[in-house]
Structures are given as C-alpha cells and as structure tokens.
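As the structure lists them, so they are numbered: ligands from 1, and atoms in each ligand from 1.
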Amino acid sequence: MQISVVIPLFNEAESLPELVSWIDIVMKRNQFTYEMVLVDDGSTDDSWQVIRQLRQSYISIKAIRFKRNYGKSAALNEGFIAASGDVVITMDADLQDSPDEIPELYRMIVEDKYDLVSGWKKKRYDPISKTIPTKLYNAVTRRISGIKLHDFNCGLKAYDRKVVKSIEVIGEMHRYIPVMAKWAGFRRIGEKVVQHRERKYGVTKFGLGRFINGPLDLLSIIFVSRFSKKPMHFFGLFGSLFIFLGFVILFILSFQKLFFDVSGIASRPLFYFGILTFIVGTQFFTTGFLAEMALRQAPTRNQYLVDEKIGLDANMID
Ligand code: UDP
Ligand code: MG
C-alpha cells in the first residue's frame, strides 16, 4: 500500500463526510493505493456513528475509537501503529488542511527522499491571538532544535513509514514530532507551503494552555534527548559547580574566623549563600545518582535505532 492517511479527530462529525469523500477523490484521481486511519479520540458527538456510516461506502476506512479523550498525541500514536502505507500522511479532521496537497507530499517523500515533510501554513486563517504566539513559538523551536521549519505544529505532514514506526508520540509531544525525528537520526526534513482554510464546522480543541505547555514540553524533549542515557552528565555538572562554589565560600569564611578572628561571620549574607549553594549542589548530585539508578532499570537503556546491518541478521526497522 502506498499511502496511509492518519486523521486524529475529536468531535468533528460535521466535517467527516466532506473530508473522507475529498480524500477519496484525490486518491482515485492519482491512482494511489491507500487507507484512511481515522482515530476517534473519545468524541462525544456523532463522529463514531458517522464513521460507521461512511465505512459502508468507503472500504479504505480503518477506524479506532478511544474510550475517552486522550489528546491528539495519543490519537496520532495509535494511528501510526495501525498505519501500513509506505508513506504516512497526517491531517487534521476539521477541513483546515486540504487533501489536494497529498500527491505532492507523497512525491517529496518518494522521489526527493525526504524522511519528513511538514506543511507550512504560510497564509493562515486563524485568530490573531493564535498567530502571534505561534510565530514566537516557531522561532524558539527553530533556534533550539536547529531545524529550519516555519510551522512545526502544522497538522498536515508526510512521513516515510520508517519515521512513524520508530518514534513514539507521548504526552502532548505531537507539536515536536520533527524534533523527535531529527534526534532519532532522520535528518532529511523538508517543508511545503500548504493551503490553510478557515474552520468550517465545530470549534478549536486547544485553548491558551498550549502556550504554557508547549515550551515546557520543548524543555523536556531537549533534556530527555540529550541526557536521558547519561543523566549524571547534567546533574553532576551543576552539582559540582554548586558544591565547589559553596565549598570555596565556606572555606574562606572559616579561614577568616579561625585565623583572623573576624566576628559576625554567621550574620553575613555570604555565609547563607555558601550554605545554600553547597546544599543545592549535593541535591543535584543525589538526583543524578537516582536518575542513573532509574536508567539501569529502564527497558530502553540500550535501545538504538539500527539503520542497516552487514553480515548480520538484518533486523531493520521496516
Ligand atoms: N484533536 C484530537 N484530540 C483532541 C484535540 C484535537 O484528536 O483532544 C484533533 C481535532 O479533532 C483536529 C486536530 O486534532 O482534527 C486539530 O485540532 P484543532 O483543529 O482543534 O486545532 P487547531 O487547528 O485549532 O490548532
Ligand atoms: Mg484546526
């Protein structure tokens, strides 16, 4: 099968019929073999009934329904597990992304050999309260990750199947799939300007929370990708610096007290600062040791992504 279209959806009953028939038209016109993987993220409207109905006319539909709402990341992750196409395309269900982009995205993966192509909603049809913070968020993510994308969180993306089969989308990390892909070793990350349309039915499912949680997730992802297999390199560094600083301060103060009989040491701010840094330093170290011990128990402690092997049993990722 050439293409899997993975669509996470939460209360999108009105959009679904139009979306499904549009995708089907595009696929047939281009003679693609394909499937649509609809992941109903615990909708409380008629989405699931609509999907059941649509399935009668479109056998390319495969669908999963969550018992409750787990979030877009969870829905994408399940979709990725279920997908069996060579190229996996993700798309929002609200008709803001256009299925007409599919053929070119497919071509970029197959012919231009991109691992991942992200849509770029150059001209957006969203309220200004969303577009401005989004610009900032993209600039920060670009700086930190070193990936030259304008629109990290675009729902419309295309992947070589190897990418989706080797990364796991947890928490709300769907915003950072390109970052995870890069850190997993998939370096060919491209971008395509895509059409964006106004939401026709229903309402947005994400509020202002995204601008607080997004940056926190970025911090976690950087920390985890750099240090999860060597936590002591992080905690030990800060631990040493703090302990050293605290030690020097307390040593000098003790020296003054003992040999020069300086009085009032304990009422000087430096005294408290010395104690504080010393204690904080030991805490960093303790955390580092605990993290190292946790790592030894982690099933993923020696899990690496193998690209190719020679002269060994090939157990490649696809
Ligand atoms: N979505 C989902 N689970 C959720 C929230 C959203 O599957 O908990 C889906 C939603 O149905 C849509 C896509 O994720 O297909 C993007 O959501 P939305 O359009 O609300 O986000 P926005 O376009 O405002 O960023
Ligand atoms: Mg939307």
Side-chain angles (χ1 to χ4, degrees), residues 4-23 36-51 54 61-83 88-99 101-102 118-138 141 149-158 164 169-178 194-215 217:
S4 297
V5 186
V6 172
I7 304 169
L9 62 112
F10 177 57
N11 294 347
E12 308 281 5
E14 301 105 316
S15 310
L16 286 172
E18 204 172 319
L19 179 75
V20 165
S21 80
W22 189 357
I23 293 176
M36 282 182 243
V37 181
L38 303 178
V39 188
D40 180 348
D41 184 12
S43 294
T44 49
D45 68 353
D46 292 339
S47 293
W48 188 250
Q49 286 83 322
V50 173
I51 292 171
L54 286 167
I61 290 182
K62 294 171 186 173
I64 300 167
R65 181 192 196 182
F66 284 167
K67 195 87 182 149
R68 68 166 175 86
N69 178 241
Y70 284 98
K72 188 176 178 185
S73 289
L76 283 174
N77 198 57
E78 279 305 303
F80 286 166
I81 293 169
V88 176
I89 291 179
T90 60
M91 186 180 282
D92 288 354
D94 55 3
L95 291 164
Q96 287 194 278
D97 303 324
S98 159
E101 309 283 356
I102 292 174
S118 181
W120 171 14
K121 294 164 285 185
K122 200 166 180 178
K123 177 133 183 43
R124 299 182 68 118
Y125 296 88
D126 278 320
I128 196 153
S129 63
K130 186 164 156 191
T131 48
I132 290 179
T134 300
K135 277 220 166 80
L136 186 71
Y137 146 86
N138 279 310
T141 312
L149 288 183
H150 291 88
D151 190 3
F152 280 84
N153 193 18
C154 183
L156 182 57
K157 287 190 171 61
V164 305
V169 197
I170 59 165
E172 283 185 27
M173 294 294 183
H174 60 268
R175 298 193 180 92
Y176 299 107
I177 297 181
V194 295
Q195 280 180 37
H196 186 233
R197 307 176 338 140
E198 221 154 326
R199 212 179 217 286
K200 199 161 160 190
Y201 311 101
V203 291
T204 177
K205 308 300 182 304
F206 295 100
L208 286 176
R210 72 173 102 197
F211 301 120
I212 299 166
N213 302 332
D217 282 343

Worksheet item: Is it true that a side-chain atom of T90 and a backbone atom of G155 form a donor plus acceptor pair closer than 3.5 Å?
Response: yes
Item to complete: May I ask you to identify, for D41, whether its side chain, its backbone, both or neither come under 4.0 Å of ligand 1 on a heavy-atom basis?
Response: side chain
Discussion item. Taking 4.0 angstrom as the limit and counting only heavy atoms of E12, give me the atoms of ligand 1 inside it, by number and element.
Written reply: 10 (C), 11 (O), 12 (C), 15 (O)
Response to the item:
Counting from 1 in the order shown, the ligand 1 atoms closer than 4.0 Å to a non-hydrogen atom of L9 are 7 (O), 11 (O)
Worksheet item: Passes side chain to side chain donor-acceptor pair (under 3.5 Å), Y201 versus E18? Steps please.
Response: CA-CA 11 Å; Y201 311 101; E18 204 172 319; 3.1 Å; yes
Worksheet item: Within less than 4.0 angstrom of ligand 1, does G71 place any heavy atom?
Response: yes
Fill in: atom 24 (O) of ligand 1 [closest protein heavy-atom partner, distance rounded to 0.1 Å]
T204 OG1, 2.5 Å
Response to the item:
Interatomic distance, CD@Q96 vs CZ@R199, rounded to 0.5 Å, equals 5.5 Å
Worksheet item: Quick one: are I51 and R65 in side-chain contact, heavy atoms under 4.5 Å?
Response: no
Discussion item. Taking backbone and side chain together, does T204 place any N/O/S atom at a distance below 2.8 Å from the Mg ion (ligand 2)?
Written reply: no
Fill in: OG-CH2 distance between S98 and W22, expressed to the nearest 0.5 angstrom
4.0 Å
Item to complete: For the Mg ion (ligand 2), find the closest N/O/S atom belonging to D94 and write down its atom name.
Response: OD2
Discussion item. Tell me the protein heavy atom at minimum distance from atom 19 (O) of ligand 1, and give that distance in Å.
Written reply: D94 OD2, 2.5 Å
Worksheet item: What is the closest protein heavy atom to atom 17 (O) of ligand 1, and at what distance does it sit?
Response: F206 CE1, 3.6 Å
Discussion item. Just to verify, which of D217, I170, V169 counts as forming a side-chain contact (heavy atoms from CB on, under 4.5 Å) with S73?
Written reply: V169
Item to complete: Take I7 and E12, measure what side chain to side chain contact (heavy atoms under 4.5 Å, CB included) needs, and give me the verdict at the end.
Response: CA-CA 11 Å; I7 304 169; E12 308 281 5; over 6 Å; no
Response to the item:
Short version for N69: what comes under 4.0 Å of ligand 1, heavy atoms counted, is side chain
Item to complete: Report, in ascending order of atom number, the atoms of ligand 1 lying under 4.0 Å from any heavy atom of R199.
Response: 18 (P), 19 (O), 20 (O)
Practice prompt. May I ask you to decide if the ring planes of F152 and Y137 are parallel, tilted or perpendicular, using 30° and 60° as cut-offs?
Written response: perpendicular
Worksheet item: Nearest protein heavy-atom contact for atom 14 (O) of ligand 1: which residue, which atom, what distance?
Response: K72 CD, 3.4 Å
Worksheet entry | Under 2.8 Å: N/O/S of D92 next to the Mg ion (ligand 2) | no
Worksheet item: Which residue owns the protein heavy atom closest to atom 9 (C) of ligand 1, what's the atom, and how far is it?
Response: P8 O, 3.7 Å
Worksheet item: Given R124, K121, K130, K205, which one has a non-hydrogen atom that is nearest to atom 25 (O) of ligand 1?
Response: K130
Practice prompt. Considering heavy atoms of the protein only, find what lies nearest to atom 1 (N) of ligand 1 and give residue, atom and distance to 0.1 Å.
Written response: F10 CB, 3.9 Å
Worksheet item: Please walk me through it: do L76 and V39 pass side chain to side chain contact (heavy atoms under 4.5 Å, CB included)?
Response: CA-CA 8 Å; L76 283 174; V39 188; over 6 Å; no
Item to complete: May I ask you to check whether N11 and T44 show a side-chain donor-acceptor distance below 3.5 Å?
Response: yes
Worksheet, complete the sentence: ligand 1 atoms nearer than 4.0 angstrom to some heavy atom of Q96 are 19 (O), 23 (O)
Worksheet item: Should V194 and D97 be marked as a side chain to side chain contact (heavy atoms under 4.5 Å, CB included) after you check the CA-CA gap, both sets of side-chain angles, and the distance that decides it?
Response: CA-CA 8 Å; V194 295; D97 303 324; 5.7 Å; no
Practice prompt. For ligand 1, find out whether one of its N or O atoms is nearer than 3.5 Å to an N or O atom of A93.
Written response: yes
